[in-house]
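These notes are about the structure you will find just below.
In what follows, chains carry the letters A, B, and so on, assigned in the order in which the sequence lines appear, proteins first and then strands, with residues in each chain numbered from 1.
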Amino acid sequence: MGLLEYFRLAVRALKSNKMRTVLTMLGISIGVAVTILVVAIGEGATKSVADQVNGLGTNLLTVHQGPRQMKLTAATRNAPTQTQSTLTLDDAQMAATMFPDTIAAVAPQVRGNIQVRLNASNAQSTVLGTTPQYMIVNNVTMRSGRFFTMLEAQGNLKVCVIGNTTAGNLTGNPNADLTGQTISVNRDDYLIIGMLTPKGTGTGGPDPDDMVMMPVTTAMQRVLGAKYISDFSISCISPTMMVMAQQQVTALLRQRHHLMPPFPQNDDFVVNNQTDLLARSQNVTKTMTMLLTAVAVISLVVGGIGIMNVMLMSVKERTREIGIRKAIGARSRDILMQFLIEASIISVLGGIEGVILGVVSAVLLASFGGWNTIINPMALVLAVAASASVGIFFGIHPAQKAAAMNPIEALRYE
Amino acid sequence: MDADNHVNLLSLRDIYKIYTIGGQEVHALDGVCLEVNVGEFVAIMGPSGSGKSTLMNMIGCLDVPTSGTYKIDGVEVSTLDGDALAAIRNRKIGFVFQGFNLIARTSALENVELPLMYGQQGDRKAAATAALVRVGLGDRLDHTSSELSGGQQQRVAIARAIVSKPRLILADEPTGNISTLQSEEIMQIFQQLNDDGVTIVMVTHEEDIARHCKRRVDMRDGKVVGDGPVKDRLMAGDVIEQLKRPLVAEPAAVPAGV
């Protein structure tokens with residue numbers, strides 16, 4: 001008896017109980033669809049994290065305030081963990097000038113929430129005070145107008161550049177070009193000298209286009225009244241210089257802040273590099289993917305058990321048929337193949353249905369849910385192969401049971 | 001043509017079948033000896049528990065004896081494995097069961113094709129159609145078993161038994177579940193097949209049915225207790241004539257009585 005023959009037999013048996021076949025297939029379909037969706041989401045997330053980190057600029061180090069337990073004096077012993085930044089504009093400028101062999105540019109940053117006004121309209125926004133170096137360090141480009149110059153930055157001038165979202169909030173039109181107009185921040189007038197090229201929201205986080213950027217001195221003295229900067233970004237000469245630059249900046253800041261060992265417990269700052277950031281977020285994604293994959297595998301196994309259950313039921317129901325077939329000359333192998341192929345058809349069809357379901361939902365999630373999903377053709381092939389093996393694996397036991405039946409007893413079965 | 005060399009089709013010598021049930025030995029067959037030649041039509045009779053079903057299973061190669069030798073068509077069966085037994089069942093034996101045992105939701109034609117599927121190559125559909133025409137069901141090829149009467153189902157089963165042109169037909173109470181007229185029609189087919197040279201062994205407990213055969217073997221407690229030719233044999237064709245006659249005569253008899 002040829003394979004085609006077994007196939008025909010199996011198809012007929014499956015057709016004779018369509019509802020059961022479809023429901024059993026659904027078990028596998030869902031398993032496969034979940035697998036594909038999970039892999040698509042996982043790969044999409046990994047890629048968007050990588051893109052985001054690369055978008056921060058190359059060879060980038062960032063220096064933030066760090067948690068420090070200050071227990072130096074009686075007065076500060078019981079103080080809560082310090083959260084106020086202790087980084088100064090001078091820290092940033094020292095870092096920029098002291099290590100010309102490793103550091104190319106440093107951009108100090110000071111941030112705060114502000115109220116802006118254009119004519120009669122008001123909007124909440126974020127002020128970012130920095131220097132022209134920011135353009136180099138953070139890959140910023142201008143949509144129109146220009147960024148402020150070093151002279152303007154040092155001169156405490158009342159100029160600013162703004163992002164699209166801010167412009168949109170003020171005028172109702174995010175594409176409005178406000179270059180040359182004057183906005184009021186804290187009842188003081190500022191000249192808009194340029195518009196930032198929109199960066200768009202990546203995956204969550206604050207909107208980088210809702211931004212009023214101005215010289216760091218202006219922001220600190222006129223707008224925020226701040227003594228310290230929030231953080232600063234360092235662009236290294238080359239990726240190989242990053243480790244060295246990190247050590248140099250760390251040493252410089254410890255000395256300037258008069259910190260005492262042990263380190264890094266007593267550091268009041270943290271120097272992050274891009275690869276750390278990438279590795280950390282990829283670790284998170286990897287864990288998530290593994291977790292979801294486990295869920296997918298479990299659902300495949302559950303689907304497989306469904307197949308086994310249905311096949312066992314089917315073998316029992318068709319005991320007499322098996323007896324008849326054996327009596328008129330079917331070998332055990334013929335019976336085994338008949339039932340095994342039945343199980344395989346269910347699982348392969350279920351797998352294909354699952355692929356369609358998975359791909360469609362991944363595409364829908366991408367276009368309506370705003371998720372970043374990447375469909376890997378390898379994953380599709382793997383999913384179908386996995387579902388076929390599930391069918392064969394869970395089909396073997398029932399098929400063997402059918403093949404091993406004694407024809408006399410099977411014929412007598414009511 | 002090795003078949004022609006063996007006038008002796010079945011040869012059972014000292015066949016024992018011993019089951020152990022609850023620690024007790026049960027001799028289902030207790031030293032059975034039986035020879036059946038080509039062209040015979042044998043009825044095996046006996047009360048339930050006499051071992052006739054076990055003997056049928058043995059002859060049908062569905063079961064192997066505990067001891068003894070059994071040759072079918074010159075082939076020693078008692079030492080064969082499952083696949084070899086399946087091949088013998090497929091090529092040399094046609095089965096007809098009491099409960100018809102057709103596969104549900106499957107057409108008459110496909111039921112009859114079944115043995116060919118596990119055996120020889122060739123035009124299955126033509127062979128199956130010919131077998132169904134032979135049992136008078138040429139117009140019911142596509143009917144499923146639920147669309148056929150008991151007698152028709154049994155005729156499909158006979159067509160299935162003869163489709164691979166076996167040398168032996170084994171029938172286990174073939175008329176047990178059907179009406180008298182239909183039983184006679186079944187027996188008529190068997191007698192015609194036997195006239196064409198097919199050897200038939202049939203288990204029955206009905207005296208009338210046994211009288212259609214040529215030889216009668218009686219069994220009791222796992223032993224053969226009687227073996228001889230059937231006297232005043234019934235021909236199914238005649239019996240059908242008789243059965244049909246009163247049906248025609250009756251309406252005429254009513255006005256005569258008034």
Side-chain angles (χ1 to χ4, degrees), chain A residues 1-22 310 313-342 345 399-414, chain B residues 17 19 28 53-64 80-107 110-121 124 144-145 156-157 159-164 166 169-170 172:
Chain A
M1 203 164 139
L3 209 61
L4 197 75
E5 205 90 56
Y6 294 123
F7 194 78
R8 255 191 42 207
L9 268 182
V11 168
R12 175 207 297 288
L14 293 174
K15 266 188 183 166
S16 74
N17 211 328
K18 286 198 192 82
M19 190 63 176
R20 195 158 77 185
T21 306
V22 167
V310 165
M313 223 158 72
S314 170
V315 166
K316 201 166 177 78
E317 258 175 29
R318 284 149 69 190
T319 299
R320 245 183 126 76
E321 178 192 324
I322 294 164
I324 297 166
R325 287 183 187 278
K326 288 197 135 190
I328 62 174
R331 292 164 300 165
S332 296
R333 182 172 163 270
D334 294 322
I335 305 291
L336 184 86
M337 287 299 280
Q338 181 183 344
F339 283 93
L340 203 53
I341 286 181
E342 238 173 78
I345 289 177
Q400 276 175 339
K401 215 173 158 179
M405 273 185 191
N406 177 333
I408 300 171
E409 279 162 27
L411 278 170
R412 232 180 263 147
Y413 183 84
E414 291 301 329
Chain B
K17 183 71 188 183
Y19 299 103
S53 291
T54 309
L55 182 60
M56 282 299 269
N57 289 337
M58 209 68 69
I59 295 173
C61 297
L62 289 166
D63 206 350
V64 286
L80 295 179
D81 68 355
D83 282 0
L85 288 176
I88 289 189
R89 290 199 295 270
N90 186 246
R91 303 215 170 90
K92 296 198 190 285
I93 305 171
F95 287 91
V96 179
F97 305 94
Q98 177 176 10
F100 321 135
N101 279 340
L102 300 179
I103 293 177
R105 292 187 293 260
T106 304
S107 74
E110 281 171 302
N111 262 294
V112 176
E113 279 184 33
L114 218 53
L116 302 176
M117 203 149 129
Y118 296 111
Q120 58 240 61
Q121 309 294 311
R124 273 186 224 152
T144 61
S145 40
V156 173
R160 186 178 65 194
I162 62 173
V163 72
S164 49
I169 287 180
L170 278 184
D172 189 0

Calculate, to the nearest 0.5 Å, the distance between atoms CD and OH belonging to A:Glu5 and B:Tyr118 respectively. 9.0 Å
Which atom names give the shortest non-hydrogen contact between A:Ala327 and B:Phe95, and what distance separates them? O-CE1, 3.2 Å
Heavy-atom pairs under 4.5 Å with chain B - which of A:Ala330, A:Pro407, A:Ser332, A:Ser16 has more of them than the others? A:Ala330
I need the A:Arg412 CZ to B:Phe97 CZ distance, nearest 0.5 Å. 12.0 Å
Non-neighbouring partners of B:Phe100 that pass ring-ring contact (aromatic ring centres under 6.0 Å, His included), sequence neighbours left out: none
Shorter than 4.5 Å, heavy atoms on both sides: which option in B:Leu62, B:Leu85, B:Ile88, B:Ile93 has the most such pairs with chain A? B:Leu62
Between B:Arg160 and chain A, which part of the residue has a heavy atom less than 4.5 Å away: side chain, backbone, both or neither? side chain
When rounded to the nearest 0.5 angstrom, what distance separates CD1 in A:Ile408 from OG1 in B:Thr54? 8.0 Å
Is there a donor-acceptor pair under 3.5 Å between the side chain of B:Asp83 and the backbone N or O of A:Arg331? no
Atom CG of A:Leu9 and atom CG of B:Leu114: how far apart are they, to the nearest 0.5 Å? 7.5 Å
Where is the tightest heavy-atom contact between A:Ile324 and B:Ile103, given as atom of each residue plus distance? CD1-CG1, 4.3 Å
Side chain from CB out, backbone as N, CA, C, O: work out which of these in A:Arg12 comes under 4.5 Å of a heavy atom of chain B, or both, or neither. side chain
Of all residues at least two apart in sequence or in a different chain, which pass the side-chain contact (heavy atoms from CB on, under 4.5 Å) check with A:Ala404? none
Any salt bridge between A:Glu321 and B:Arg105, counting N to O under 4.0 Å? no
Go through the steps to decide whether B:Arg89 and A:Ile328 satisfy the test side chain to side chain contact (heavy atoms under 4.5 Å, CB included), and finish with yes or no. CA-CA 6 Å; B:Arg89 290 199 295 270; A:Ile328 62 174; over 6 Å; no
